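Note that the structure is a prediction, hence the values are computed from the model and not measured. Worth knowing before you read on, the calculation uses all heavy atoms, side chains too, and leaves out hydrogens, waters and symmetry mates.
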Amino acid sequence: MNSFTRSVDLLHRAMDVSTLRYSVSANNLANAGVPNFKRTTVNFEAALKEAIDSEKNAKDSFVLKTSDDRHIQSKTYTDYRTVEPRRVLDYATTSDANGNNVDAEAEAMDILKTQLNYQLLTQMQSFQFSQMHIVLK
Amino acid sequence: MGLFTSINIAATGMSVESLRRDIISDNIANASTTRTADGGKFKKSTLILEAIQDDLQYRNPFVPADKDSGVGKGVRALRVEKDNSQGRLVYDPTHPDAIQTGPNTGYVEYPNVNIVNEMVNLISASRAYEANATVIQGSKEMFQSALQIGK
């Protein structure tokens, strides 16, 4: 996998997650007045960073010798392409008297952040393609 | 998760909020109504909402992948409920609908609509409507920027 396809693939995944996060926030905001509704959040970036770090570590570090596959490995390598976004229901907290825990203002800020993040990702994607275009010209 | 999920979800929010606004308008318009077609007093209506979910929802973060029902589908109006509490009593024996018997003789029972509460609910309904409209606007801008890739 070369650096161009890798960047395009990573940006593609990040854009997918932004869209998912946007839908989740839209659902939270639409249900901001529903009794006993609990908000959902999306976790992705931390798991992605862990996978990318594991790739880096797998390259330049010593590995413990094990005599059996089931032995604990010193370094485990995770392919970043196997990392999926996780939706997490914040089921334990309550902030309103009706059991709802959506903070409409915080949700609106999340939506704005997701939107700008997505636009940044599209610009970076555009940059990747424009560089390829320069080479092809 | 489709391309227009967020727009569909925000649209359910907008339709629910405009229904809420209609109900509030009805309450305010009938704030001094003393007769209704079915004979009783006018009582204020309240909108009951629920989240749209087709499948069972698990209230924990460790849902098995095949039981996962995906991102929610938005909100819907469950029903419109009448609040049957006692209305405000105004002493006016000459009114045709004044109470003729019992301890409240001479009083007129007006609807249990509190205009101030209704106005506050109206503001929160229109703010929620605006928030959902902003979500749709934001989705549109996101798709527009995605279409600019490679240009």
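Without hydrogens or angle criteria, A:Asn100 side chain to A:Ala32 main chain gives a donor-acceptor distance under 3.5 Å. The main-chain N or O of B:Lys43 is found under 3.5 Å from a side-chain atom of B:Lys82 such that the two form a donor-acceptor pair. B:Thr12 places a side-chain N or O within donor-acceptor distance of the main-chain N or O of B:Val75, the cut-off being under 3.5 Å.
Within the 4.5 Å cutoff, the side chain of A:Arg21 has no heavy atoms near those of the A:Tyr118 side chain. Under the 4.5 Å side-chain criterion, counting only non-hydrogen atoms from C-beta, A:Glu50 is not in contact with A:Val83. With a 4.5 Å cut-off on side-chain heavy atoms, A:Asn27 and A:Thr40 do not count as touching. Within the 4.5 Å cutoff, no side-chain heavy atoms of A:Lys49 are placed close to those of A:Ile52.
Residues A:Thr94 and A:Lys38 bring a donor and an acceptor atom of their side chains to less than 3.5 Å of each other. Side chains of A:Thr41 and A:Asn43: no donor on one and acceptor on the other come within 3.5 Å. Between B:Thr46 and B:Asp83, the side chains place no donor N or O within less than 3.5 Å of an acceptor N or O (distance only, hydrogens not considered).
Residues from residues 117-138 of chain B that place a non-hydrogen atom less than 4.5 Å from a non-hydrogen atom of chain A comprise B:Ala131, B:Asn132, B:Thr134, B:Val135, B:Gly138, given in numerical order. Among the residues in residues 15-34 of chain B, none has a non-hydrogen atom closer than 4.5 angstrom to a non-hydrogen atom of chain A.
Residues B:Ile149 and A:Ser126 share a closest heavy-atom pair of CA-OG, 3.4 Å.
Per-residue heavy-atom pair counts under 4.5 Å with chain A were compared for B:Gly150, B:Gly72, B:Ala11, and the maximum is reached by B:Gly72.
Both the backbone and the side chain of B:Glu141 have a heavy atom closer than 4.5 Å to some heavy atom of chain A. When heavy atoms are compared at a cutoff of 4.5 Å, A:Met15 approaches chain B solely by way of its side chain, counted from C-beta outward.
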